[in-house]
Each structure stands twice: as C-alpha cells, then as structure tokens.
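First up is the structure itself, then whatever we jot down about it.
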Amino acid sequence: MEFIPFHRPHIDKKDIEAVSKVLEAGWLTMGKKVIEFEQAFKNYVKSSNAVSVNSCTAAMHLALEAMGIGEGDLVVVPDLTFTATAEVTFYLKARPIIIDVDPNTGLIDLNMLEDTVKKYKIKACIPVHYGGLLCNMDAIMDLSEKYGFKVIEDAAHCLPSQITYRGQKRPVGSIGHVTCFSFYATKTIAIGEGGMATTEDDKIANRMRIMRLHGIDKDSWKRYTKEGSWFYQVVSPGYKYNMTDPQAALGLTQLKKCDWMGDRRRYIAQRYIEGLSDTEGISILHKKWLNSSEILHSWHLFVILIDPTINGGRNRFIEDLKNQNIGTSVHFIPLHRHPFYRKELKLDSNNFPGAEYLFERIVSLPIYPSLEDSHIEYIIKTIKDLLQ
Ligand SMILES: *Cc1c(COP(=O)(O)O)cnc(C)c1O
C-alpha cells in the first residue's frame, strides 16, 4: 500500500476552473467573489450575516473585539482544543479560564462551566464542537442568558452540522452570538487559509467588517473598481484579516459539495465503526452519534482511544501505523500541557482529568472524501493485526 496521508483536500476540476477564472479576471484581493461567497455561506447556515476573514483565528479575535472584550476580562475556553481558541484572548489582554472536558465526548464540561460562571464574572465563553460533535447549545445559551456572558462558537470542525436547538433542527451558525468557521487546508471545506464569522447581531457584524480591513469605514475593498472612490476614513486601528477573491472562488465550489463530502465522511465513519467495534484495546469516540436524530455530526475527525496498557499504548500505535504507511494525528495536545499556558495560567494536570484521560489515548484516523474503500479496508485490517 502507498502512504495514506492523514488528510487530503478534495480538489476537483471545478475547483481548479473556478480559481483559474478569477486569476484570469485579474482581481487578486477582496472583491466580488468574496461577497458572493459570504452570501452563499450565510444562506447555507441560515444566518443573517457572514463576515469572511483569512482564518477562524481572526474570526474569533474580531468577535471578541466587537463584543468589547478587553484588558482583564475573563473568557472560558475548553482544555481540549487548538491553541487558537485561547490565544485570541491574549491579543486583547483578556484572560482565558481553561476548564476540563467530558472524557466521553471531548466537549466542554457543562457542570464546570456552570460552576465557573457562578463564581466569576465571565464576559464570554468559546465552546468548541470537538471533531464535529456539537455541544449542548440549549444548556450553554441558557447559562449565557442567566449569567450574562456572550457565546462565540468555535465551529472550526462543523461543516456541515445540524443540531436540535430549542426544539428545532437548524444548522450551526445562528445559535451563539457569533459562530466562527475555518477553511484551513485540513478542514472539511478547504481553501488553504480562510475563515467566516456568522452572527444575527448586525452591530457586531459591522464592527467586524470594519476591523478586518484596517479599521476603514466601509466598502473600502471597492476603491479600485468603477463604483469605488479613492476617499476613505480610518475609524479605528484595525487588522489585515480580509479574504481574497481566489480563496472565495474555491470556497464557493467547496461549499457546493459540502453536503456530499459530509455524506462521504459519514460513510467512512460507519465503515470504521463496523470494522473496529469489536477490536480489543480500542474504543471509538462519538460512536453513538453516527445515527443520532438530535445531532448531525460532521465527522471532521474520527477519533479512537487506544488502551494505554496494550502494546506500548497510543504513541507506539501511531509509530506502528506510520510504519505500515498510514498517517494519523492527535487532536489535541490539551492546552494545559503547553509550556506557555501552564506557566502563564499556573495550570496543574490534576485539574484536567477528562483531558488527561483522552490525551493519553486518542488518535485521529484518516477520514476524507478521496479516501478509497481499499484504503479503509487496509486501515481496519492493519489496526486489527497490530492489536492482536
Ligand atoms: C483549525 C482550528 C482552529 C483555527 O482555524 P484557522 O482557520 O487555522 O485559524 C481553531 N479551532 C479549532 C478547534 C481548530 O481545529
């Protein structure tokens, strides 16, 4: 078997043609394609505003800024996530309170969230929909209303995802005060680098639109078009976070196949679950959400847990798979295990039993539309052989 990478984006002829067309048209930065992508995206997630940016990290930063979060403000973040979720608080001299996750799901521990918001005056919470499984948004929004904090959903893993919220099925993107998506190279919609923030709050959306492009009043991206004008006004020291037309063109073609790619990942998840369920030494995270009527899981990640007492445990398992030409990854090294967060926030592993339990065991297997049936079979067989 040739090497099976952990991830490969699904780039087809239509993607390539769409980007080529934009390159030929000659508008390389933010322009009409970006606006078209924002329109298509907000329709897709049924939200009132979609603000495109150059990463999910930028989206979260701008969301906090637009909410007026600043020096000394407290923001709750789960421990099992990428550093971006917590680092954005430092950009604004705010401080994260990092709390543990439920070892059964990898999602923020809701009891700890409630204890934390009772004890401290929290300005915001950034729940992470780990792997594409959605947090209990009814519970989080109830707490937000009761204790008066804002919710920024880290939906980097969530395309496509649906949840039953207050009795109604809806896509992720209009529940939290702001929802942030990623189009990074390994995400379910991949454009290289890119992100989107959706919100029902026009004021927040407008502030984010200004701050993503140098704090210039409005529509400054038009200034080299016929409709545009050379005159502009800077109203705030903003950032350089805008998306570009070639990225947006790719975003549009990727979005068109988002549902199909999701179906394909669900099929792969089902194959893995059927193939690995009875294997000793392995358990499968999120297995029970395969056919859930409450939640449409995006299956951005397929995470299995390796019994640490078997065969050298997780690290050895990853090396063995690599030697058999199978690429894997680990999502994530918990924040409390990184030197910066440990020192800066004086974190102690003993306070994160859920994340510690998962981190000792988790491996993410390849799951993407171009993974062939023969690859899936080979991965299942190799894993079974290794653990026998
Ligand atoms: C990838 C990722 C991000 C960051 O996304 P970018 O678009 O690369 O900024 C944030 N949070 C989580 C959970 C992620 O996996």
Side-chain angles (χ1 to χ4, degrees), residues 6-7 9 34 37 41 50-65 75-91 96 98-99 101-102 105-108 124-135 140 151-159 161 172-173 176 178-198 208 212 239-244 247-248 250-251 254-255 258 265 285-286 297-303 328-338 341 355 358-359 362-364 367-368:
F6 169 67
H7 184 78
V34 169
F37 183 37
F41 195 88
V51 181
S52 62
V53 280
N54 61 8
S55 70
C56 178
T57 309
M60 293 189 287
H61 177 196
L62 292 182
L64 289 170
E65 199 276 339
V75 179
V76 179
V77 173
D79 189 36
L80 192 69
T81 186
F82 186 57
T83 183
T85 319
E87 83 191 21
V88 291
T89 64
F90 286 93
Y91 296 0
I98 293 172
I99 66 177
V101 296
D102 178 343
T105 58
L107 303 177
I108 193 163
C125 172
I126 315 183
V128 176
H129 303 306
Y130 177 76
L133 177 65
L134 301 168
C135 298
I140 291 175
V151 175
I152 299 170
E153 291 174 74
D154 181 338
H157 299 176
C158 284
L159 283 169
S161 290
V172 172
V178 178
T179 307
C180 300
F181 297 89
S182 174
F183 312 128
Y184 178 66
T186 60
K187 299 287 159 60
T188 58
I189 283 188
I191 70 172
E193 303 287 354
M196 192 77 80
T198 57
M208 292 178 75
R212 74 173 156 186
Y239 305 95
K240 184 71 204 270
Y241 277 169
N242 61 288
M243 189 180 275
T244 70
Q247 289 172 319
L250 186 52
Q254 290 270 307
L255 188 63
C258 182
R265 286 191 307 275
L285 200 70
H286 299 175
H297 194 307
S298 75
W299 297 103
H300 166 54
L301 299 178
F302 192 86
V303 178
T328 58
S329 192
V330 173
H331 298 90
F332 295 91
I333 301 165
L335 295 176
H336 79 264
R337 282 194 168 239
H338 290 292
Y341 292 108
L358 288 170
F359 180 61
I362 48 179
V363 183
S364 305
I367 183 162
Y368 45 90

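Both counts, for ligands and for their atoms, begin at 1 and track the order of listing.
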Whether Ser298 side chain and His157 backbone form a donor-acceptor pair below 3.5 Å:
yes
re atom 11 (N) of ligand 1, the protein heavy-atom contact at minimum distance is Asp154 OD2, 2.7 Å
Note the single closest protein heavy atom to atom 9 (O) of ligand 1, along with its residue, its atom name and the distance in Å.
Thr57 OG1, 2.5 Å
Angle between ring planes, Tyr241 versus His61, binned at 30° and 60°: parallel, tilted or perpendicular?
perpendicular
Out of curiosity, is His331 lining ligand 1, as in a heavy atom under 4.0 Å away?
no
Name all residues meeting the salt bridge (charged side-chain N to carboxylate O under 4.0 Å, His left out) criterion together with Glu193; count only those two or more places apart in sequence or in a different chain, and write none if there are none.
none
Pairs satisfying side chain to side chain donor-acceptor pair (under 3.5 Å), at least one member in residues 78-90, at least two apart:
Asp79-His336, Thr81-Thr85, Thr83-Tyr341, Thr85-Asp154, Glu87-Tyr91
Could you tell me whether the side chain of Leu133 reaches within less than 4.5 Å of the side chain of Leu285, counting heavy atoms only?
no
Any non-hydrogen atom of Tyr130 lying under 4.0 Å from ligand 1?
no
So His286 and Tyr130, would you call those rings parallel, tilted or perpendicular, with 30° and 60° as cut-offs?
perpendicular
For Thr85, which part has a heavy atom under 4.0 Å from ligand 1: side chain, backbone, both, or neither?
side chain
Examine Phe82 against ligand 1 and note whether any of their N/O atoms are separated by less than 3.5 Å.
no
Under 3.5 Å donor-acceptor, Ser161 side chain and Val172 backbone
no
Would you say Gly194 contacts ligand 1, with heavy atoms under 4.0 Å as the rule?
yes
Which residue owns the protein heavy atom closest to atom 2 (C) of ligand 1, what's the atom, and how far is it?
Lys187 NZ, 2.7 Å
So which protein heavy atom does atom 7 (O) of ligand 1 come closest to, and at what separation?
Ser182 OG, 2.7 Å
Ligand 1 versus Ser55: contacting region, heavy-atom distance under 4.0 Å
both
Which bit of His157 is near ligand 1, meaning a heavy atom under 4.0 Å away: side chain, backbone, both or neither?
side chain
Atoms in ligand 1 with a heavy atom of Thr81 nearer than 4.0 Å:
13 (C)
Do other residues, nucleotides or ligands put more than 12 heavy atoms under 6.0 Å from the OH atom of Tyr184?
no
